[in-house]
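In what follows, a structure is listed as C-alpha coordinates, so that the remarks can point back to it.
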Number of protein chains: 2
Amino acid sequence: MSRRSGILEFAVLGLLREAPMHGYELRKRLNTSLGIFRAFSYGTLYPCLKTLVANGWLIEEPGSAPEEAVASSLAGRRAKIVYRLTPEGKEHFEELLSHTGPDAWEDEHFAARFAFFGQTEREVRMRVLEGRRSRLEERLEKMRASLARTRERLDDYTLELQRHGMESVEREVRWLNELIESERAGRDQRPGTDAPHDNDSGETGGLPRHGGSTRPDPSDDTAK
Amino acid sequence: MSRRSGILEFAVLGLLREAPMHGYELRKRLNTSLGIFRAFSYGTLYPCLKTLVANGWLIEEPGSAPEEAVASSLAGRRAKIVYRLTPEGKEHFEELLSHTGPDAWEDEHFAARFAFFGQTEREVRMRVLEGRRSRLEERLEKMRASLARTRERLDDYTLELQRHGMESVEREVRWLNELIESERAGRDQRPGTDAPHDNDSGETGGLPRHGGSTRPDPSDDTAK
DNA sequence: AATTTCATGTAATTCGTTACATGATTCC
DNA sequence: GGAATCATGTAACGAATTACATGAAATT
(Lines give C-alpha, C1' and ligand atoms only; values in the text may rest on other atoms or scores of the structure.)
Protein backbone atom coordinates (compact mmCIF):
# COMPACT_ATOMS: atom_id res chain seq x y z
CA MET A 1 0.00 0.00 0.00
CA SER A 2 3.11 2.10 -0.04
CA ARG A 3 2.32 4.64 2.67
CA ARG A 4 4.90 7.03 1.28
CA SER A 5 6.27 9.49 3.77
CA GLY A 6 2.82 10.88 3.67
CA ILE A 7 4.07 14.40 3.33
CA LEU A 8 4.11 14.55 -0.41
CA GLU A 9 0.71 12.92 -0.62
CA PHE A 10 -0.64 15.30 1.94
CA ALA A 11 0.76 18.37 0.26
CA VAL A 12 -0.45 17.33 -3.17
CA LEU A 13 -3.94 16.79 -1.88
CA GLY A 14 -3.86 20.10 -0.08
CA LEU A 15 -2.67 22.02 -3.09
CA LEU A 16 -5.14 20.41 -5.43
CA ARG A 17 -7.89 21.40 -3.08
CA GLU A 18 -7.39 24.95 -4.16
CA ALA A 19 -7.40 24.22 -7.85
CA PRO A 20 -6.67 21.49 -10.39
CA MET A 21 -3.12 21.55 -11.71
CA HIS A 22 -0.75 19.42 -13.63
CA GLY A 23 2.29 17.76 -12.17
CA TYR A 24 4.75 20.32 -13.38
CA GLU A 25 2.99 23.19 -11.73
CA LEU A 26 2.39 21.18 -8.60
CA ARG A 27 6.06 20.59 -8.24
CA LYS A 28 6.83 24.26 -8.47
CA ARG A 29 4.35 25.14 -5.82
CA LEU A 30 5.83 22.46 -3.62
CA ASN A 31 9.19 24.22 -3.86
CA THR A 32 8.11 27.77 -3.52
CA SER A 33 4.67 28.64 -2.31
CA LEU A 34 4.95 26.36 0.64
CA GLY A 35 8.23 27.82 1.76
CA ILE A 36 9.04 24.75 3.65
CA PHE A 37 9.12 21.66 1.60
CA ARG A 38 12.17 20.30 0.05
CA ALA A 39 11.94 20.12 -3.67
CA PHE A 40 10.52 16.79 -4.64
CA SER A 41 11.76 15.54 -7.97
CA TYR A 42 9.58 14.39 -10.84
CA GLY A 43 10.81 10.89 -10.19
CA THR A 44 8.97 11.13 -6.91
CA LEU A 45 6.03 13.26 -7.83
CA TYR A 46 4.69 11.57 -10.94
CA PRO A 47 4.58 8.05 -9.55
CA CYS A 48 2.94 9.45 -6.44
CA LEU A 49 0.24 11.11 -8.53
CA LYS A 50 -0.43 7.79 -10.21
CA THR A 51 -1.00 6.04 -6.92
CA LEU A 52 -3.24 8.83 -5.71
CA VAL A 53 -5.30 8.30 -8.83
CA ALA A 54 -5.33 4.58 -8.18
CA ASN A 55 -6.70 5.30 -4.72
CA GLY A 56 -9.50 7.30 -6.21
CA TRP A 57 -8.38 10.55 -4.61
CA LEU A 58 -7.55 12.25 -7.87
CA ILE A 59 -8.75 12.01 -11.41
CA GLU A 60 -6.79 12.78 -14.52
CA GLU A 61 -8.21 15.18 -17.02
CA PRO A 62 -6.89 16.14 -20.42
CA GLY A 63 -4.70 19.21 -20.15
CA SER A 64 -4.79 22.02 -22.64
CA ALA A 65 -5.30 21.45 -26.37
CA PRO A 66 -8.43 19.42 -25.72
CA GLU A 67 -9.71 19.65 -29.30
CA GLU A 68 -7.24 18.15 -31.68
CA ALA A 69 -5.49 15.90 -29.19
CA VAL A 70 -8.15 13.25 -29.04
CA ALA A 71 -8.77 13.47 -32.76
CA SER A 72 -5.26 12.56 -33.83
CA SER A 73 -5.26 8.79 -33.60
CA LEU A 74 -1.52 8.53 -33.00
CA ALA A 75 -0.82 6.80 -29.70
CA GLY A 76 2.54 8.54 -29.36
CA ARG A 77 0.86 11.83 -28.42
CA ARG A 78 2.15 12.70 -24.98
CA ALA A 79 -0.79 14.01 -23.01
CA LYS A 80 -0.83 16.94 -20.67
CA ILE A 81 -2.61 15.86 -17.59
CA VAL A 82 -4.50 18.01 -15.18
CA TYR A 83 -5.14 16.45 -11.81
CA ARG A 84 -8.34 17.20 -9.98
CA LEU A 85 -9.29 16.25 -6.45
CA THR A 86 -12.26 13.91 -6.18
CA PRO A 87 -14.78 14.19 -3.33
CA GLU A 88 -13.13 11.10 -1.82
CA GLY A 89 -9.78 12.83 -2.08
CA LYS A 90 -11.16 15.88 -0.35
CA GLU A 91 -12.56 13.75 2.40
CA HIS A 92 -9.28 11.92 2.78
CA PHE A 93 -7.37 15.17 3.02
CA GLU A 94 -9.67 16.42 5.74
CA GLU A 95 -9.12 13.22 7.64
CA LEU A 96 -5.36 13.64 7.40
CA LEU A 97 -5.67 17.25 8.48
CA SER A 98 -7.48 16.55 11.70
CA HIS A 99 -5.68 13.34 12.53
CA THR A 100 -2.97 14.58 14.90
CA GLY A 101 -0.85 11.54 15.69
CA PRO A 102 2.64 11.87 17.19
CA ASP A 103 4.13 12.10 13.70
CA ALA A 104 2.48 15.45 13.37
CA TRP A 105 5.03 17.05 15.71
CA GLU A 106 8.01 16.12 13.61
CA ASP A 107 9.75 18.82 11.62
CA GLU A 108 8.46 18.24 8.17
CA HIS A 109 5.09 16.90 9.16
CA PHE A 110 4.57 19.92 11.31
CA ALA A 111 5.59 22.32 8.57
CA ALA A 112 3.35 20.62 6.06
CA ARG A 113 0.42 20.78 8.43
CA PHE A 114 1.08 24.36 9.29
CA ALA A 115 1.06 25.30 5.63
CA PHE A 116 -2.55 24.15 5.48
CA PHE A 117 -3.66 25.59 8.78
CA GLY A 118 -5.97 27.92 6.90
CA GLN A 119 -8.14 24.93 6.17
CA THR A 120 -8.43 23.62 9.74
CA GLU A 121 -10.36 24.41 12.84
CA ARG A 122 -8.77 26.26 15.69
CA GLU A 123 -9.07 23.26 17.95
CA VAL A 124 -6.87 21.21 15.66
CA ARG A 125 -4.42 24.04 15.20
CA MET A 126 -4.01 24.33 18.94
CA ARG A 127 -3.38 20.61 19.32
CA VAL A 128 -0.74 20.68 16.65
CA LEU A 129 1.00 23.78 17.92
CA GLU A 130 1.05 22.54 21.48
CA GLY A 131 2.19 19.09 20.42
CA ARG A 132 4.99 20.62 18.45
CA ARG A 133 5.99 22.72 21.40
CA SER A 134 6.27 19.79 23.77
CA ARG A 135 8.20 17.89 21.16
CA LEU A 136 10.72 20.71 21.00
CA GLU A 137 10.86 21.00 24.74
CA GLU A 138 11.74 17.33 25.01
CA ARG A 139 14.44 17.90 22.50
CA LEU A 140 15.84 20.80 24.45
CA GLU A 141 15.82 18.70 27.59
CA LYS A 142 17.95 16.07 25.93
CA MET A 143 20.29 18.59 24.42
CA ARG A 144 20.80 20.29 27.75
CA ALA A 145 21.40 16.99 29.49
CA SER A 146 23.88 15.83 26.91
CA LEU A 147 25.64 19.16 26.99
CA ALA A 148 25.93 19.02 30.77
CA ARG A 149 27.41 15.54 30.56
CA THR A 150 30.01 16.28 27.94
CA ARG A 151 30.80 19.96 28.07
CA GLU A 152 34.38 19.77 29.26
CA ARG A 153 35.40 17.16 26.69
CA LEU A 154 34.28 19.21 23.72
CA ASP A 155 36.21 21.77 21.77
CA ASP A 156 35.00 25.30 21.21
CA TYR A 157 33.58 24.73 17.76
CA THR A 158 31.52 21.73 18.72
CA LEU A 159 30.24 23.63 21.71
CA GLU A 160 29.40 26.61 19.56
CA LEU A 161 27.50 24.40 17.16
CA GLN A 162 25.46 22.92 19.95
CA ARG A 163 24.71 26.28 21.39
CA HIS A 164 23.51 27.62 18.09
CA GLY A 165 21.39 24.52 17.62
CA MET A 166 19.77 24.94 21.01
CA GLU A 167 19.11 28.57 20.41
CA SER A 168 17.39 27.75 17.16
CA VAL A 169 15.09 25.40 18.95
CA GLU A 170 14.44 27.88 21.74
CA ARG A 171 13.60 30.44 19.13
CA GLU A 172 11.04 28.18 17.56
CA VAL A 173 9.49 27.57 20.95
CA ARG A 174 9.07 31.31 21.42
CA TRP A 175 7.50 31.51 18.00
CA LEU A 176 5.07 28.75 18.90
CA ASN A 177 4.20 30.51 22.11
CA GLU A 178 3.22 33.59 20.20
CA LEU A 179 1.19 31.57 17.76
CA ILE A 180 -0.59 29.71 20.51
CA GLU A 181 -1.22 32.94 22.30
CA SER A 182 -2.84 34.55 19.31
CA GLU A 183 -4.86 31.45 18.49
CA ARG A 184 -6.17 31.57 22.01
CA ALA A 185 -6.97 35.25 21.84
CA GLY A 186 -7.86 35.19 18.16
CA ARG A 187 -11.53 34.50 17.72
CA ASP A 188 -12.34 32.87 20.99
CA GLN A 189 -15.87 34.15 21.29
CA ARG A 190 -16.57 33.44 17.66
CA PRO A 191 -19.51 31.15 16.87
CA GLY A 192 -20.64 30.49 13.28
CA THR A 193 -19.38 27.91 10.78
CA ASP A 194 -16.77 26.01 12.69
CA ALA A 195 -16.13 23.66 9.81
CA PRO A 196 -13.11 24.21 7.58
CA HIS A 197 -15.14 25.00 4.54
CA ASP A 198 -14.29 24.99 0.90
CA ASN A 199 -12.46 28.09 -0.26
CA ASP A 200 -10.96 30.68 2.01
CA SER A 201 -13.78 31.37 4.37
CA GLY A 202 -11.80 34.18 5.96
CA GLU A 203 -11.24 31.92 8.97
CA THR A 204 -7.95 32.90 10.55
CA GLY A 205 -6.86 33.82 14.02
CA GLY A 206 -4.65 36.80 14.54
CA LEU A 207 -1.08 35.94 13.68
CA PRO A 208 2.00 37.63 15.10
CA ARG A 209 4.85 38.79 12.89
CA HIS A 210 7.41 36.07 12.48
CA GLY A 211 8.73 33.17 10.49
CA GLY A 212 9.08 29.53 10.05
CA SER A 213 10.94 26.34 10.08
CA THR A 214 14.42 26.24 8.61
CA ARG A 215 13.90 23.59 6.03
CA PRO A 216 16.91 23.19 3.73
CA ASP A 217 16.39 24.55 0.32
CA PRO A 218 13.18 24.65 -1.67
CA SER A 219 15.38 26.47 -4.18
CA ASP A 220 16.77 24.83 -7.28
CA ASP A 221 13.68 25.22 -9.23
CA THR A 222 15.59 23.81 -12.11
CA ALA A 223 15.77 20.21 -11.04
CA LYS A 224 19.22 19.76 -12.43
CA MET B 1 32.68 2.30 -4.62
CA SER B 2 29.52 3.40 -2.88
CA ARG B 3 30.23 7.05 -2.07
CA ARG B 4 27.67 7.03 0.73
CA SER B 5 26.32 10.45 1.63
CA GLY B 6 29.82 11.02 2.78
CA ILE B 7 28.67 12.54 6.01
CA LEU B 8 28.63 9.40 8.04
CA GLU B 9 31.96 8.34 6.67
CA PHE B 10 33.39 11.73 7.37
CA ALA B 11 32.07 11.90 10.90
CA VAL B 12 33.25 8.40 11.75
CA LEU B 13 36.72 9.17 10.53
CA GLY B 14 36.75 12.41 12.46
CA LEU B 15 35.59 10.84 15.68
CA LEU B 16 38.02 7.97 15.43
CA ARG B 17 40.78 10.44 14.99
CA GLU B 18 40.40 11.37 18.61
CA ALA B 19 40.41 7.82 19.88
CA PRO B 20 39.59 4.24 18.86
CA MET B 21 36.07 3.22 19.68
CA HIS B 22 33.60 0.51 18.91
CA GLY B 23 30.53 0.95 16.81
CA TYR B 24 28.15 1.28 19.67
CA GLU B 25 29.99 4.15 21.24
CA LEU B 26 30.51 5.77 17.88
CA ARG B 27 26.82 5.82 17.30
CA LYS B 28 26.15 7.51 20.59
CA ARG B 29 28.67 10.20 19.89
CA LEU B 30 27.11 10.72 16.51
CA ASN B 31 23.79 11.44 18.20
CA THR B 32 24.93 13.57 21.04
CA SER B 33 28.40 15.02 21.08
CA LEU B 34 28.10 16.39 17.62
CA GLY B 35 24.86 18.14 18.36
CA ILE B 36 23.93 18.18 14.75
CA PHE B 37 23.75 14.82 13.21
CA ARG B 38 20.64 12.85 12.92
CA ALA B 39 20.88 9.55 14.70
CA PHE B 40 22.25 7.00 12.30
CA SER B 41 20.99 3.52 12.96
CA TYR B 42 23.14 0.43 13.40
CA GLY B 43 21.84 -0.80 10.12
CA THR B 44 23.66 2.11 8.57
CA LEU B 45 26.66 2.38 10.82
CA TYR B 46 27.97 -1.17 10.94
CA PRO B 47 27.96 -1.78 7.21
CA CYS B 48 29.64 1.58 6.77
CA LEU B 49 32.38 0.59 9.20
CA LYS B 50 32.96 -2.55 7.20
CA THR B 51 33.46 -0.66 4.00
CA LEU B 52 35.80 1.78 5.69
CA VAL B 53 37.83 -1.20 6.81
CA ALA B 54 37.75 -2.56 3.28
CA ASN B 55 39.14 0.75 2.07
CA GLY B 56 42.01 0.47 4.49
CA TRP B 57 40.96 3.53 6.46
CA LEU B 58 40.19 1.64 9.63
CA ILE B 59 41.39 -1.53 11.23
CA GLU B 60 39.45 -3.76 13.53
CA GLU B 61 40.97 -4.67 16.84
CA PRO B 62 39.70 -7.10 19.43
CA GLY B 63 37.58 -5.22 21.93
CA SER B 64 37.74 -5.88 25.65
CA ALA B 65 38.25 -9.38 27.09
CA PRO B 66 41.30 -9.87 24.89
CA GLU B 67 42.60 -12.84 26.92
CA GLU B 68 40.08 -15.61 26.94
CA ALA B 69 38.26 -14.65 23.76
CA VAL B 70 40.86 -15.96 21.34
CA ALA B 71 41.52 -19.04 23.45
CA SER B 72 37.98 -20.37 23.30
CA SER B 73 37.86 -22.08 19.94
CA LEU B 74 34.10 -21.70 19.56
CA ALA B 75 33.24 -19.78 16.40
CA GLY B 76 29.98 -18.54 17.90
CA ARG B 77 31.81 -16.08 20.09
CA ARG B 78 30.54 -12.65 19.08
CA ALA B 79 33.51 -10.32 19.10
CA LYS B 80 33.63 -6.82 20.40
CA ILE B 81 35.40 -4.77 17.85
CA VAL B 82 37.33 -1.62 18.40
CA TYR B 83 37.91 0.47 15.31
CA ARG B 84 41.13 2.37 14.93
CA LEU B 85 42.06 4.89 12.28
CA THR B 86 44.95 3.85 10.06
CA PRO B 87 47.49 6.38 8.79
CA GLU B 88 45.74 6.13 5.41
CA GLY B 89 42.46 6.87 7.11
CA LYS B 90 43.91 9.87 8.81
CA GLU B 91 45.27 11.11 5.54
CA HIS B 92 41.93 10.56 3.86
CA PHE B 93 40.12 12.48 6.55
CA GLU B 94 42.46 15.39 6.18
CA GLU B 95 41.84 15.39 2.48
CA LEU B 96 38.11 15.47 3.04
CA LEU B 97 38.49 18.24 5.58
CA SER B 98 40.33 20.60 3.29
CA HIS B 99 38.47 19.68 0.14
CA THR B 100 35.83 22.39 0.04
CA GLY B 101 33.66 21.54 -2.95
CA PRO B 102 30.20 23.04 -3.39
CA ASP B 103 28.67 20.23 -1.33
CA ALA B 104 30.40 21.65 1.67
CA TRP B 105 27.93 24.50 1.89
CA GLU B 106 24.88 22.30 2.22
CA ASP B 107 23.20 22.04 5.60
CA GLU B 108 24.44 18.76 6.86
CA HIS B 109 27.78 18.85 5.14
CA PHE B 110 28.40 22.22 6.62
CA ALA B 111 27.41 21.15 10.09
CA ALA B 112 29.59 18.07 9.90
CA ARG B 113 32.54 20.12 8.76
CA PHE B 114 31.99 22.72 11.40
CA ALA B 115 32.00 20.07 14.09
CA PHE B 116 35.57 19.26 13.11
CA PHE B 117 36.77 22.79 12.65
CA GLY B 118 39.09 22.34 15.58
CA GLN B 119 41.19 20.13 13.36
CA THR B 120 41.47 22.51 10.41
CA GLU B 121 43.46 25.54 9.46
CA ARG B 122 41.95 28.96 9.61
CA GLU B 123 42.20 29.36 5.90
CA VAL B 124 39.92 26.39 5.33
CA ARG B 125 37.52 27.50 8.03
CA MET B 126 37.17 30.85 6.36
CA ARG B 127 36.47 29.29 2.98
CA VAL B 128 33.80 27.08 4.45
CA LEU B 129 32.14 29.81 6.48
CA GLU B 130 32.10 32.21 3.57
CA GLY B 131 30.88 29.57 1.19
CA ARG B 132 28.08 28.74 3.55
CA ARG B 133 27.17 32.36 3.85
CA SER B 134 26.85 32.88 0.12
CA ARG B 135 24.83 29.70 -0.12
CA LEU B 136 22.39 31.09 2.40
CA GLU B 137 22.30 34.44 0.72
CA GLU B 138 21.36 32.81 -2.55
CA ARG B 139 18.62 31.03 -0.73
CA LEU B 140 17.33 34.24 0.76
CA GLU B 141 17.35 35.81 -2.66
CA LYS B 142 15.12 33.10 -4.04
CA MET B 143 12.82 33.16 -1.06
CA ARG B 144 12.41 36.90 -1.33
CA ALA B 145 11.75 36.70 -5.05
CA SER B 146 9.21 33.94 -4.67
CA LEU B 147 7.53 35.79 -1.84
CA ALA B 148 7.28 38.94 -3.92
CA ARG B 149 5.76 37.00 -6.78
CA THR B 150 3.12 35.18 -4.77
CA ARG B 151 2.40 37.21 -1.68
CA GLU B 152 -1.16 38.20 -2.43
CA ARG B 153 -2.25 34.68 -3.31
CA LEU B 154 -1.15 33.19 -0.03
CA ASP B 155 -3.04 32.88 3.19
CA ASP B 156 -1.75 34.19 6.51
CA TYR B 157 -0.41 30.90 7.77
CA THR B 158 1.61 30.13 4.69
CA LEU B 159 2.95 33.65 4.77
CA GLU B 160 3.83 33.32 8.42
CA LEU B 161 5.66 30.09 7.73
CA GLN B 162 7.69 31.66 4.99
CA ARG B 163 8.54 34.61 7.14
CA HIS B 164 9.73 32.43 9.96
CA GLY B 165 11.78 30.40 7.52
CA MET B 166 13.45 33.47 6.13
CA GLU B 167 14.18 34.82 9.54
CA SER B 168 15.83 31.56 10.48
CA VAL B 169 18.11 31.84 7.52
CA GLU B 170 18.84 35.49 8.21
CA ARG B 171 19.71 34.56 11.72
CA GLU B 172 22.20 31.99 10.56
CA VAL B 173 23.78 34.54 8.28
CA ARG B 174 24.29 36.84 11.25
CA TRP B 175 25.82 33.99 13.14
CA LEU B 176 28.19 33.28 10.29
CA ASN B 177 29.14 36.93 10.13
CA GLU B 178 30.17 36.85 13.74
CA LEU B 179 32.13 33.67 13.24
CA ILE B 180 33.91 35.04 10.20
CA GLU B 181 34.63 38.23 12.05
CA SER B 182 36.22 36.44 14.93
CA GLU B 183 38.17 34.13 12.70
CA ARG B 184 39.52 37.17 10.95
CA ALA B 185 40.39 38.93 14.17
CA GLY B 186 41.24 35.71 15.99
CA ARG B 187 44.91 35.02 15.58
CA ASP B 188 45.69 36.99 12.52
CA GLN B 189 49.26 37.84 13.31
CA ARG B 190 49.95 34.38 14.62
CA PRO B 191 52.82 32.42 13.01
CA GLY B 192 53.91 28.99 14.30
CA THR B 193 52.56 25.53 13.46
CA ASP B 194 49.95 26.17 10.85
CA ALA B 195 49.24 22.48 10.37
CA PRO B 196 46.18 20.92 12.00
CA HIS B 197 48.17 18.67 14.27
CA ASP B 198 47.27 15.53 16.13
CA ASN B 199 45.46 16.12 19.38
CA ASP B 200 43.99 19.42 20.45
CA SER B 201 46.91 21.69 19.87
CA GLY B 202 45.01 24.56 21.43
CA GLU B 203 44.46 25.97 17.93
CA THR B 204 41.24 27.94 17.99
CA GLY B 205 40.26 31.41 16.98
CA GLY B 206 38.13 33.47 19.31
CA LEU B 207 34.53 32.40 19.07
CA PRO B 208 31.50 34.54 19.83
CA ARG B 209 28.65 33.31 22.00
CA HIS B 210 26.02 31.58 19.92
CA GLY B 211 24.69 28.40 18.42
CA GLY B 212 24.20 26.19 15.50
CA SER B 213 22.12 24.52 12.89
CA THR B 214 18.65 23.21 13.70
CA ARG B 215 19.08 19.63 12.69
CA PRO B 216 16.08 17.51 13.65
CA ASP B 217 16.54 15.25 16.53
CA PRO B 218 19.73 13.49 17.54
CA SER B 219 17.55 12.27 20.41
CA ASP B 220 16.20 8.76 20.63
CA ASP B 221 19.34 7.32 21.95
CA THR B 222 17.50 4.08 22.32
CA ALA B 223 17.14 3.04 18.72
CA LYS B 224 13.60 1.81 19.21
C1' DA C 1 16.46 28.79 -35.98
C1' DA C 2 17.77 28.13 -31.40
C1' DT C 3 17.03 28.22 -26.63
C1' DT C 4 14.36 28.12 -22.66
C1' DT C 5 10.60 26.63 -20.22
C1' DC C 6 6.84 23.55 -20.11
C1' DA C 7 5.66 18.75 -19.61
C1' DT C 8 5.75 13.63 -18.54
C1' DG C 9 7.67 9.70 -17.49
C1' DT C 10 11.08 5.30 -16.29
C1' DA C 11 15.25 2.63 -14.53
C1' DA C 12 19.03 2.34 -11.77
C1' DT C 13 20.93 3.65 -7.71
C1' DT C 14 21.68 5.66 -3.08
C1' DC C 15 20.84 6.39 1.42
C1' DG C 16 18.81 5.11 5.21
C1' DT C 17 15.30 2.83 8.47
C1' DT C 18 12.76 -1.10 10.88
C1' DA C 19 12.39 -5.34 12.39
C1' DC C 20 14.66 -9.29 13.36
C1' DA C 21 18.23 -12.18 15.60
C1' DT C 22 21.73 -12.87 19.08
C1' DG C 23 24.31 -12.57 23.04
C1' DA C 24 27.43 -10.36 26.92
C1' DT C 25 27.82 -7.38 30.94
C1' DT C 26 26.43 -4.47 34.61
C1' DC C 27 23.50 -2.83 38.03
C1' DC C 28 19.89 -3.56 41.36
C1' DG D 1 18.02 -13.69 39.01
C1' DG D 2 15.99 -9.97 36.23
C1' DA D 3 16.32 -5.62 33.90
C1' DA D 4 18.83 -2.32 31.52
C1' DT D 5 22.37 -1.31 28.65
C1' DC D 6 26.12 -2.77 26.00
C1' DA D 7 27.24 -4.84 21.61
C1' DT D 8 26.99 -6.61 16.68
C1' DG D 9 24.96 -7.77 12.85
C1' DT D 10 21.40 -8.92 8.58
C1' DA D 11 17.29 -8.81 5.45
C1' DA D 12 13.49 -6.54 3.84
C1' DC D 13 11.81 -2.48 2.81
C1' DG D 14 11.12 2.68 2.09
C1' DA D 15 11.70 7.09 0.20
C1' DA D 16 13.75 9.82 -2.76
C1' DT D 17 17.34 11.14 -6.13
C1' DT D 18 19.87 11.03 -10.64
C1' DA D 19 20.27 10.23 -15.11
C1' DC D 20 17.98 9.09 -19.00
C1' DA D 21 14.47 9.58 -22.63
C1' DT D 22 11.08 12.29 -25.06
C1' DG D 23 8.69 15.91 -26.91
C1' DA D 24 5.61 20.39 -27.27
C1' DA D 25 5.13 25.50 -26.73
C1' DA D 26 6.85 30.00 -26.12
C1' DT D 27 10.38 33.37 -26.51
C1' DT D 28 14.30 35.59 -28.52
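The model shown is predicted, which means the values in this text are computed figures rather than measured ones. In the text below, chain A, chain B and the rest are named by the order of the sequence lines, each starting its count at 1.
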How many Å lie between [atom1] on [X] and [atom2] on [N], as a whole number?
| X | N | atom1 | atom2 | value |
| --- | --- | --- | --- | --- |
| H22(B) | dA7(D) | NE2 | P | 3 Å |
| L26(A) | dT8(C) | CG | C1' | 13 Å |
| Y83(B) | dA7(D) | OH | P | 13 Å |
| F10(A) | dA15(D) | CZ | P | 17 Å |
| L45(A) | dT17(D) | CG | C1' | 13 Å |
| R27(B) | dA7(D) | CZ | P | 13 Å |
| L49(A) | dA7(C) | CG | C1' | 13 Å |
| D103(B) | dT17(D) | CG | C1' | 14 Å |

**Request:** Would you please indicate if the ring centroids of F116(A) and F93(A) are separated by under 6.0 Å?
**Result:**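 Yes, close enough.
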
**Message:** Assess whether a salt bridge exists between E123(A) and R127(A), defined as any Lys/Arg side-chain N lying under 4.0 Å from an Asp/Glu carboxylate O.
**Reply:**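 Yes, charged N to carboxylate O under 4.0 Å.
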
Picking from [options], which would you name as closest to the side chain of [X]?
| X | options | value |
| --- | --- | --- |
| F40(A) | dT8(D), dT8(C), dA16(D) | dA16(D) |
| Y42(B) | dA7(C), dT8(D), dA16(D) | dT8(D) |
| Y24(B) | dT8(C), dG9(C), dA7(D) | dA7(D) |
| I81(B) | dT8(D), dG16(C), dT10(D) | dT8(D) |

Shortest non-hydrogen separation from [X] to [Y] and the atoms involved:
| X | Y | value |
| --- | --- | --- |
| W105(A) | R132(A) | O-NH1, 2.8 Å |
| L97(A) | Q119(A) | CD1-O, 3.6 Å |
| M143(A) | V169(A) | SD-CG2, 4.4 Å |

[X] side chain N/O closer than 4.0 Å to the phosphate oxygens (OP1, OP2) of [N]?
| X | N | answer |
| --- | --- | --- |
| T44(A) | dA15(D) | no |
| K50(B) | dT10(D) | no |
| S41(B) | dT17(C) | yes |
| Y46(A) | dT8(C) | yes |
| K28(A) | dT5(C) | no |

**Request:** Tell me which of E25(B) and G43(B) sits closer to the 5' end of DNA chain D, going by the nucleotide each one is nearest to.
**Result:** E25(B)

**Prompt:** With a 4.5 Å heavy-atom cut-off, do E9(B) and L96(B) have their side chains touching?
**Reply:** yes

**Complete:** When the rotation axes relating C1' atoms of four end pairs to the next four are compared across the helix from dA1(C)-dT28(D) to dC28(C)-dG1(D), five pairs an end, they differ to 10° by 40°

**Request:** Check whether NZ of the Lys or CZ of the Arg R113(A) lies under 6.0 Å from the centre of the six-membered ring of F10(A) and within 45 degrees of that ring's axis.
**Result:** yes

**Message:** Against the six-membered ring of Y42(B), is R27(B) placed for a cation-pi contact (under 6.0 Å from the centre, within 45° of the normal)?
**Reply:** yes

